[in-house]
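Okay, structure first, notes after.
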Amino acid sequence: MQSFTTHTGIVAAINRANVDTDQIIPKQFLKRIERTGFGQFLFFDWRFLPDGSLNPDFELNQPPAAGASILLARRNFGCGSSREHAPWSLADYGFRAVVAPTFADIFFNNCVQNGIVPIRLDESDVDELFRRAGAAAAKGGQYHLHVDLKACTVSDDAGFQRSFAVDPFRRQCLLEGLDDIALSLRHTDEIAVWETAHGLPAAAH
Amino acid sequence: MPSAPRTLLDKIWDDHVVCTPPGELPLLYIDRHLVHEVTSPQAFEGLRLAGRRLRRPEATFATPDHNVPTTDRRLPIADPISKQQIDTLRANCREFGVRLFDLDDVDQGIVHVIGPELGITQPGMTIVCGDSHTATHGAMGALAFGIGTSEVEHVLATQTLRQAKPKSLEVRVEGSLPAGVTAKDIVLYLIGRLSTEGGVGHVIEYTGECIRSLGMEQRMTVCNMSIEAGARAGMIAPDAVTFDYLRGRDHAPKDYDAAVAHWEKLPSDPGAVYDRVEIFRAADVVPQVTWGTNPAQVTGIDAAVPDPAAFADPNDRSSAARALDYMGLSGGTRIVDIPLDRVFIGSCTNSRIEDLRAAASVLRGYRVAPSVRAMVVPGSGRVKRQAEQEGLDRIFREAGFDWREAGCSMCLGMNPDTLAPQERCASTSNRNFEGRQGKGGRTHLVSPAMAAAAAVTGHFVDVREWHYK
């Protein structure tokens, strides 16, 4: 997994609640058996018009979001289907962090498995970030945020700084880009003890 | 010393924590792992690349469901990419020694239908699957939840998962179920009250007289949609209904009485404390119909589409406005005045034999409205066979429904069963998201009885007033 320590990037603001994983990556792209190359399908039905051209009304296609790597979103981001294709497509498009008031549980876990930091902030703070991103866009500019996973802070260069909470184990895995299966396989003896205590025959591997 | 009273969740959790290494998340043992073609290929590939094997192949069961055609199974799969994904599942199961219920097997079906049906799902177990509707299995008193593909790979390799313990939420539904109201109406009503994120971080335990009175398959319908309220899982304490359902099924324990004696200790102890409690009255529930693009955007059949301006919260207001625009509806339209183009009866929410019986009893002696195209997709090969033995297929066909082979079908439209843009569908599935059943398609979630009645009349109708023939 790609490690994450600090990241400064352009913010893309998608101002709608309950963005589900069917929108992040529609089902017609789930037939692939690879883990890569999903960025081209990110938000497909919102990004593209029926004729295949870019939808100019969708936030991600507008100049303030060009080159964005931090997604600013509303409540319950990533709800619905468990498809890990959603963070795969976000990561492949170039996103390294998502900021929202709340996330759906499975999506949250899928992000940290793929080097994307999901950042929960109070709704009032998210409102403030939308205001700041909007103000930058109104002046024809772009809005940047800085994420520091060591300090667990998110900040801009105009005085906004907030701490965010992240599970210490997940944080360590992200900071070091750890393979969590290898970590768990260190506990094979304990797993075998559990199995024996529960009357199971010895495991195959 | 007597231990503190524990919830059903506490008991299953405590029994499955293998260890909590210092500074790490607990490793939770997983009893059963269900696998399908869409969320597993990358996990098996990951194992191959790392030179890893399955720790416990016999705890893993696979079936193709999401992407399979529901037409004649003897014909080759027309879509080459779908075919490749199903062939990949076959090859992976062969290589890694996983039991596969393939397309020609009567036991093939939607993974959340076949698990309970074959007795693979049992009370007190931890069950995972790379699918968010895994909570279905919680209806049997299991802790069952959806996971991503990286976690699928983790379970395949270690038979465990890294998990923080979720919080517990008791959702109590008091009183008896009103006549003509079903489990689907109950759960849609609950989602409408809890909101799409009301359950985030929690496992819901459904309790109360109304829940206890439900049959096993209706309980599955309730637990199935827990994710639609954001919950990690949903569960119902096992009781005589559970034990009667499971007895004699293929994978049920051999020493059944001993198993039952163990399972009887699982229900939450008197005085057990939940992190949160929400209480509802069954008497308040009428047949439900969603009007928007998430399952919490729902109302009663006797109501009207809401006016977005009526929502106090600005997020809810803009969501409603956007949803109505997508759905081609306006505030104030009565639900019974919404006309339909399609009807879909199926999905892991409502494709079991009791669902098909409920729909067939409405349809008996009626014809589908000329303006409506309707299909029924049984949840498994066994459900299909049972329905045919009972003559339900004849009722559906004579009414003008398509009678199909088992699979997820138009719940998510990965296979050729999809809505065309702007087509409006009454669906017994679980998600009314934009484009879920086909790009531009408009989905209204309802119970099987409500879907059948709507197929006949061509618009929504209150099934409580249905004239059964």
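In what follows, chains are A, B, ... by sequence order, proteins preceding strands, each numbered from 1.
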Which atoms of A:R35 are under 4.5 Å from chain B, going by heavy atoms: the side chain, the backbone, both sets, or neither? both
May I ask you to establish whether B:R322 and A:W46 are in a cation-pi arrangement, using a distance under 6.0 Å from NZ or CZ to the six-membered ring centre and at most 45° from the ring axis? yes
So, do A:L200 and B:Y29 sit near enough that their side-chain heavy atoms are less than 4.5 Å apart? yes
Mind listing the closest non-hydrogen atom pair of A:S81 and B:S132 along with its distance? CA-OG, 3.7 Å
Do you know which two heavy atoms are closest between B:G148 and A:E84, and how far apart they sit? C-OE1, 3.3 Å
Candidate list B:N415, B:I81, B:I86, test side chain to side chain contact (heavy atoms under 4.5 Å, CB included), partner A:K31, passing option: B:I81
Is the shortest side-chain heavy-atom distance between A:N109 and B:Q163 below 4.5 Å? yes
Which heavy atom of B:R162 sits nearest a heavy atom of A:S184, and at what distance? NE-OG, 3.1 Å
Could you tell me which portion of A:A202 (side chain, backbone, both or neither) has an atom closer than 4.5 angstrom to a non-hydrogen atom of chain B? backbone
Under 3.5 Å, is there a donor-acceptor pair between the side chain of A:D105 and the main chain of B:G201? yes
Where does A:P201 contact chain B at under 4.5 Å (heavy atoms): side chain, backbone, both or neither? both
Please check if the side chain of A:Q113 supplies one atom and the backbone of B:E151 the other of a donor-acceptor pair under 3.5 Å. no
Please classify the contact between A:F108 and chain B as side chain, backbone, both or neither, with a heavy-atom cut-off of under 4.5 Å. neither
Do the non-hydrogen side-chain atoms of B:P21 and A:H187 ever get within less than 4.5 Å of each other? yes
Checking side-chain contact (heavy atoms from CB on, under 4.5 Å) for the pair B:D313/A:R75: CA distance, chi angles, key distance, verdict? CA-CA 12 Å; B:D313 180 281; A:R75 282 194 321 233; 3.5 Å; yes
